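A short write-up of the structure that comes next.
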Amino acid sequence: MAEVIFLPRNKIIKVKAGTSLLDTSIRARVVIPARCGGKAACLMCKVKVDDPTTLLPLTQSEKTKLSQEQISENIRLACQAKVFNKKVIVSIPESPLNKVVQAQLKNENNNDL
Ligand code: FES
């Protein structure tokens, strides 16, 4: 079993080794954007891991679809990356849409003051 921690919500769940991060997130009720059904096509499920050795090695799809810079920054595709057997810490990037909405709400709140 591995313990997976999803940041920034700090949601913790235990899963069997070999479970994908996307499946783990679904079980943990943590949202990771994904539109291709886990086929490594949409590239929306990018996450960052603290320690890449806590996951099984990059899949061939990840090697071809992620840039060298992304790989060196420990970015993985959640639908492809599988949990190994340690403590896995995963950061889910804030979606660009959320950022726009939050900025708009902040502006509206400032205008109300
Ligand atoms: S879910 Fe589409 S690339 Fe991972």
Side-chain angles (χ1 to χ4, degrees):
M1 293 293 272
E3 182 177 82
V4 181
I5 303 169
F6 288 102
L7 302 176
R9 289 181 56 200
N10 211 28
K11 188 91 181 202
I12 301 170
I13 186 168
K14 289 187 178 177
V15 293
K16 286 184 183 172
T19 307
S20 76
L21 289 179
L22 188 59
D23 286 342
T24 303
S25 72
I26 292 166
R27 290 184 198 166
R29 298 181 185 212
V30 171
V31 176
I32 295 178
R35 286 206 179 146
C36 69
K39 295 184 168 78
C42 69
L43 306 183
M44 294 180 67
C45 65
K46 291 176 192 160
V47 295
K48 184 172 183 154
V49 294
D50 272 22
D51 179 358
T53 66
T54 59
L55 300 174
L56 292 176
L58 289 159
T59 64
Q60 192 57 43
S61 294
E62 288 179 295
K63 287 179 186 172
T64 57
K65 304 218 169 171
L66 294 172
S67 69
Q68 278 305 310
E69 185 180 346
Q70 289 172 324
I71 291 170
S72 67
E73 292 174 352
N74 299 337
I75 302 294
R76 300 289 301 263
L77 294 178
C79 65
Q80 302 296 303
K82 292 188 169 57
V83 170
F84 191 40
N85 62 357
K86 299 178 184 174
K87 186 181 209 173
V88 184
I89 301 174
V90 182
S91 298
I92 302 171
E94 187 178 359
S95 82
L97 181 60
N98 268 358
K99 282 184 185 172
V100 170
V101 170
Q102 292 301 325
Q104 186 66 35
L105 287 172
K106 190 174 178 181
N107 278 345
E108 287 176 11
N109 288 340
N110 287 341
N111 291 338
D112 289 344
L113 295 178

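Read the numbers this way: they start at 1 and go in the same order the structure lists the ligands and their atoms. Computed from a prediction, not measured in an experiment: that's the story for all the values here.
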Check whether Glu62 reaches the backbone of Arg76 with its side chain - one donor and one acceptor, N or O, closer than 3.5 Å.
no
ILVMFWY cluster, Val4 and Val30 together (side-chain gap under 4.5 Å):
yes
Angle, SG of Cys79 through atom 4 (Fe) of ligand 1 to SG of Cys45 - 10° precision:
100°
Could you report the tightest heavy-atom contact between Gln80 and Lys39, atom names first, then the distance?
NE2-C, 4.2 Å
Under 3.5 Å donor-acceptor, Lys65 side chain and Ala40 backbone
yes
Taking only heavy atoms of Ala34 into account, list the atoms of ligand 1 that are under 4.0 Å away from them.
1 (S)
Close side-chain approach of Lys48 to Leu7, heavy-atom, < 4.5 Å:
no
Could you list the atoms of ligand 1 found under 4.0 angstrom from a heavy atom of Ala40?
3 (S)
Atom 3 (S) of ligand 1: nearest protein contact (heavy atom, Å):
Leu43 N, 3.2 Å
Could you give the distance from CD1 (Ile32) to CG (Leu22), rounded to the nearest 0.5 Å?
6.0 Å
Yes or no: does Leu77 have any heavy atom under 4.0 Å from an atom of ligand 1?
no
Counting backbone and side-chain atoms alike, does Cys42 have an N/O/S atom under 2.8 Å from atom 2 (Fe) of ligand 1?
yes
Strictly under 2.8 Å, is atom 2 (Fe) of ligand 1 approached by any N, O or S atom of Cys36?
yes
Part of Ala41 with heavy atoms under 4.0 Å of ligand 1, whether side chain, backbone, both or neither
backbone
Mind checking whether Lys46 and Leu77 have side chains closer than 4.5 Å, heavy atoms only?
yes
Would you mind running through ligand 1 and noting each atom that sits below 4.0 Å from a heavy atom of Gly38?
1 (S)
